[in-house]
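In this text, all values refer to a predicted model and were calculated from it rather than measured experimentally. Note on naming: letters A, B, ... go to the chains in the order of the sequence lines (proteins, then strands), and numbering restarts at 1 for each one.
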Amino acid sequence: MIKPRVRFAPSPTGKLHLGSARTALFNFLFAKSQKGTFILRIEDTDKERSLKEYEEDIISSLNWLGLYPDEEIVRQSERLDLYERVVKHLINKGYAYYCFCSKEELEAKRQEQLTRGEPPRYSGKCLQLSPQEVNKKLDSGEKYVIRLKVPNKVIFYKDFLRGEIPYDFRLLGDFVIAKNEREPLYLLATPVDDHYQGITHVIRGEDHLPNTPKQILIYKYMEWDIPVFVHLPLILGPDRTKLSKRHGAKSISEYREEGFLPEALLNFLVLLGWHPEGDREIISLDEMIKEFKLEKLNKNPAVFNLGKLIYFNRYYLKKKTTKEILELLDFSSYGNWQGDNFKALNGNIYSLEKIFKIIEMGKERASVIPEILSSVDFFFKSFDYPKELLVWKNSSFVEIENNLQKIKEIFYKIKEEEFVAPKIKEILDKISENNKGSYFWPLRVALSGKEASPPPFEIAEVLGKEKTLELINEAIKKLKSFQ
RNA sequence: GGCCCCGUCGUCUAACGGUUAGGACACCGCUCUUUCAAGGCGGAAAUACGGGUUCGACUCCCGUCGGGGCCGCCA
């Protein structure tokens with residue numbers, strides 16, 4: 001079998017979104033699994049809508065996901081000579097022709113046909129023009145477009161997943177392939193590039209299914225080999241329509257900014273329409289490449305499910321080493337680094353070793369990267385809480401105060417170097433006996449100010465003996481106060 | 001409206017024409033536990049419907065219904 005050449009061909013009219021990213025992923029996987037080539041082509045023929053910033057977003061998002069193209073990026077705006085040659089060839093051969101009909105004229109016709117319940121199709125009016133008339137109009141600078149002649153019959157085209165699909169050209173009419181010789185439209189530019197770039201498999205979204213017979217027509221007229229077409233099922237929003245912004249669907253770069261990991265996004269995306277062997281669902285990019293088979297793609301559209309994405313993100317977050325996570329974190333809203341030490345907003349200074357412990361605690365409780373620090377922000381910021389929060393179940397203020405007093409006295413006697421989590425836990429276990437909650441809970445609240453947090457003995461170790469005692473004192477003061 | 005595609009738990013999906021229709025997320029319960037999260041164990045939950053073909057249908061065929069896509073001088 002010859003090595004496949006595939007392409008991902010987005011138009012830079014928006015940021016890279018989930019659906020396109022999945023298309024890119026499947027192209028990439030197919031290429032890599034077959035030792036083929038994965039190409040990125042920017043389809044920027046629409047000069048009004050194409051923006052450089054979108055192109056940059058697409059490229060950086062692809063890189064972030066690890067879907068690197070194998071060849072230099074191709075832009076359609078840089079290949080106008082190519083399209084011009086093809087357009088002229090099609091005109092010379094009589095497969096395409098100039099059309100001078102005005103937009104207004106066509107729109108009126110279209111509406112008319114629509115209200116009659118007919119498919120809107122071009123009448124073929126300008127096809128009747130003689131070469132002399134065409135030349136005269138061209139010479140006088142009349143506005144025109146270029147249309148492709150379509151046959152008056154039903155044809156069958158092949159989709160890799162769906163098999164033979166009928167298409168009735170009689171319902172279509174001659175369609176526009178270019179605004180002029182140097183301004184091709186999608187329907188023309190895409191097959192031209194696919195041909196000249198030696199693309200063997202066109203893997204794209206199902207929304208392109210109806211475009212396929214139109215493009216095949218160009219292949220036929222040009223006497224080119226037709227590639228294999230693979231149309232991927234769409235990704236749908238919760239309301240089961242094509243995923244879009246209004247579903248809260250975000251771009252890949254936005255997911256990145258929110259703290260999602262590329263491996264989570266990739267794992268989530270690959271399962272939308274494909275499944276590895278067996279019952280497992282956790283799969284790395286390398287394993288996907290090893291196992292990927294075009295035949296195993298399924299045809300039914302998939303509804304986007306944020307909960308599952310979050311599940312994968314938590315999973316991959318937990319698998320990361322603390323050091324890896326350290327590099328992903330943004331500490332700027334919690335204090336600043338002074339060499340290897342971190343000076344927090346509340347004045348506490350943490351060694352790198354302690355920061356590591358804080359990260360360990362945070363990552364257990366985080367869905368996205370920023371939550372790692374925000375779930376343990378009490379280490380960095382001063383906090384307040386209502387004194388009622390210190391009370392465990394139906395204990396009294398007095399009881400809680402006494403328990404905190406007891407803890408304080410014992411902590412006071414512990415040597416600085418023995419103030420570590422296992423030791424602290426041991427002591428707490430001993431004094432609390434079978435009423436653990438009335439010791440653990442108030443201590444935890446005193447140290448974190450939160451209803452939910454990591455265990456108090458772990459917090460205490462990181463805080464250090466002095467700071468811990470300080471916070472216990474504050475809690476006691478709170479309990480003593482009236483209000 | 002026309003044409004086309006698709007139809008397994010709520011969602012993502014697995015199942016050479018023969019399985020007690022499997023897994024994952026979410027949900028519920030139990031467990032662990034000072035709390036939260038994580039973990040462990042368990043539960044509820046699906047072949048859209050109607051006809052065929054067949055000894056036997058989630059699987060093949062037809063119809064119905066449902067959902068989606070496309071009908072641009074956008075891609």
Side-chain angles (χ1 to χ4, degrees), chain A residues 9-14 43-46 48-50 99 101-103 106-107 110 113-121 143-147 159 161-162 165-168 171-173 175-180 183 185-187 189-190 204-213 231 233-236 238-242 268 271-282 296 298-312 314-315 318 361-367 375 392-393 428 432 435-445 448 450-457:
Chain A
S11 64
T13 54
E43 306 219 319
D44 54 354
T45 50
D46 185 336
E48 272 82 59
R49 295 204 305 150
S50 295
C99 172
C101 297
S102 74
K103 275 188 187 178
L106 292 170
E107 185 52 30
R110 222 178 77 86
Q113 289 172 321
L114 242 26
T115 50
R116 269 205 307 263
E118 290 170 15
R121 57 194 291 268
K143 284 277 288 172
Y144 66 88
V145 295
I146 294 156
R147 287 182 185 274
D159 174 78
L161 297 170
R162 287 161 253 264
I165 299 170
Y167 188 82
D168 191 348
L171 269 28
L172 180 65
F175 58 92
V176 181
I177 54 170
K179 293 184 183 180
N180 60 55
E183 280 188 79
L185 259 27
Y186 170 78
L187 257 8
T190 296
R204 68 209 326 187
E206 194 188 339
D207 45 346
H208 285 297
L209 208 49
N211 287 329
T212 305
H231 290 95
L234 260 18
I235 300 179
L236 272 26
D239 66 351
R240 307 203 70 100
T241 64
K242 208 166 147 183
F268 170 73
L271 258 17
L272 263 30
W274 183 81
H275 200 278
E277 218 44 71
D279 272 342
R280 93 211 130 99
E281 291 200 332
I282 298 289
K296 289 202 67 182
N298 64 260
K299 297 181 289 248
N300 34 332
V303 174
F304 170 77
N305 179 220
L306 183 64
K308 193 140 186 184
L309 209 209
I310 290 173
Y311 161 79
F312 281 121
R314 295 182 81 103
Y315 176 85
K318 255 184 289 183
M361 287 180 228
K363 85 170 181 181
E364 278 300 308
R365 290 159 183 82
S367 296
S375 68
W392 169 248
K393 289 192 174 157
L428 285 171
S432 61
N435 197 4
K436 288 187 164 201
S438 63
Y439 288 84
F440 280 80
W441 175 274
L443 177 60
R444 208 180 46 68
V445 172
S448 71
K450 284 180 194 280
E451 220 169 318
S453 80
F457 44 90

Show your reasoning for whether side-chain hydrogen bond (donor to acceptor under 3.5 Å, both in side chains) applies to A:Thr212 and A:His231. CA-CA 10 Å; A:Thr212 305; A:His231 290 95; 3.1 Å; yes
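- Looking at A:Thr45 and A:Glu183, their side chains never come closer than 4.5 Å, going by heavy atoms from C-beta outward.
- Note: CG (A:Leu306) to P (B:C12) measures 14 Å, nearest angstrom.
- Taking atom NZ on A:Lys299 and atom C1' on B:U59, their separation rounds to 11 Å, with Å as the unit.
- Under the ring pair (Phe, Tyr, Trp, His ring centres under 6.0 Å) criterion, A:Tyr144 pairs with A:Tyr98, not counting sequence neighbours.
- The nearest pair of heavy atoms linking A:Ile235 to A:Phe304 is CG2-CB, 4.1 Å.
- Nucleotides B:G7 and B:C49 place their C1' atoms 12 Å apart, quoted to the nearest Å.
- B:C27 and B:C71: their P atoms are spaced 39 Å apart (whole Å).
- The base-pairing partner of B:A57, taking Watson-Crick or G-U wobble contacts with both distances under 3.5 Å, does not exist among the strands shown.
- Atom OH of A:Tyr167 is separated from atom P of B:G2 by 16 Å (rounded to the nearest Å).
- Note: CG (A:Leu271) to C1' (B:G23) measures 11 Å, nearest angstrom.
- Here B:A21 sits opposite no nucleotide as a Watson-Crick or G-U wobble pair (both hydrogen-bonding atom distances under 3.5 Å).
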Going 5' to 3' through nucleotides 30-47 of chain B and flagging B where a protein heavy-atom sits under 4.0 Å of the base, S where only the sugar-phosphate is that close, and - otherwise, we get ----BBBBS---------
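- For the C1' atoms, the distance linking B:C12 with B:C55 amounts to 36 Å, nearest Å.
- When Watson-Crick and G-U wobble pairs are counted only if both distances are under 3.5 Å, B:C70 pairs with B:G2.
- By the ring pair (Phe, Tyr, Trp, His ring centres under 6.0 Å) test, A:Tyr167 pairs with A:Phe169, sequence neighbours left out.
- When the P atom is compared between B:C4 and B:A24, the two are found 40 Å apart, to the nearest whole Å.
- Checking B:A15 for Watson-Crick or G-U wobble geometry (two distances, each under 3.5 Å) identifies no partner in any strand.
- B:A26 and B:G10 have their C1' atoms separated by 8 Å, with the value rounded to a whole Å.
- Rounded to a whole angstrom, the distance from the C1' atom of B:G1 to that of B:A57 is 36 Å.
- When the C1' atom is used for both B:C58 and B:U13, the distance is 14 Å, rounded to whole Å.
- The P atoms of B:U47 and B:U59 are separated by 12 Å, rounded to the nearest whole Å.
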Heavy-atom contacts, protein to nucleotides 14-20 of chain B, under 4.0 Å, summarised as B (base), S (sugar-phosphate only) or - (none) per nt, yield S------
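- Straight-line distance from the CD atom of A:Glu277 to the C1' atom of B:G23: 13 Å, rounded to whole Å.
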Protein heavy-atom contacts under 4.0 Å, written 5' to 3' over nucleotides 60-75 of chain B as B (base), S (sugar-phosphate only) or - (none), form the string -------SSSS-SBBB
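- Searching all strands for a Watson-Crick or G-U wobble partner of B:C27 with both distances below 3.5 Å returns B:G43.
- When all heavy atoms are compared, the tightest approach of A:Glu206 to A:Leu234 is N-CD1, 3.7 Å.
- Counting only distance, with no hydrogens or angles, the side chain of A:Gln113 and the backbone of A:Arg121 share a donor-acceptor pair below 3.5 Å.
- The aromatic rings of A:Phe457 and A:Phe440 sit perpendicular, their planes meeting at an angle over 60°, well past the 30° parallel limit.
- In terms of modelled atom types and a separation under 3.5 Å, the side chain of A:Ser438 and the main chain of A:Asn435 share a donor-acceptor contact.
- Shortest non-hydrogen contact noted between A:Lys436 and A:Ser432 is CG-OG, 3.6 Å.
- A search for salt bridge (charged side-chain N to carboxylate O under 4.0 Å, His left out) contacts involving A:Lys296 returns A:Glu277, not counting sequence neighbours.
- When Watson-Crick and G-U wobble pairs are counted only if both distances are under 3.5 Å, B:C9 pairs with no nucleotide at all.
- One N or O on the side chain of A:Arg444 and one on the backbone of A:Glu451 form a donor-acceptor pair closer than 3.5 Å.
- Listed here is the closest heavy atom pair of A:Glu281 and A:Leu271: O-CD2, 3.7 Å.
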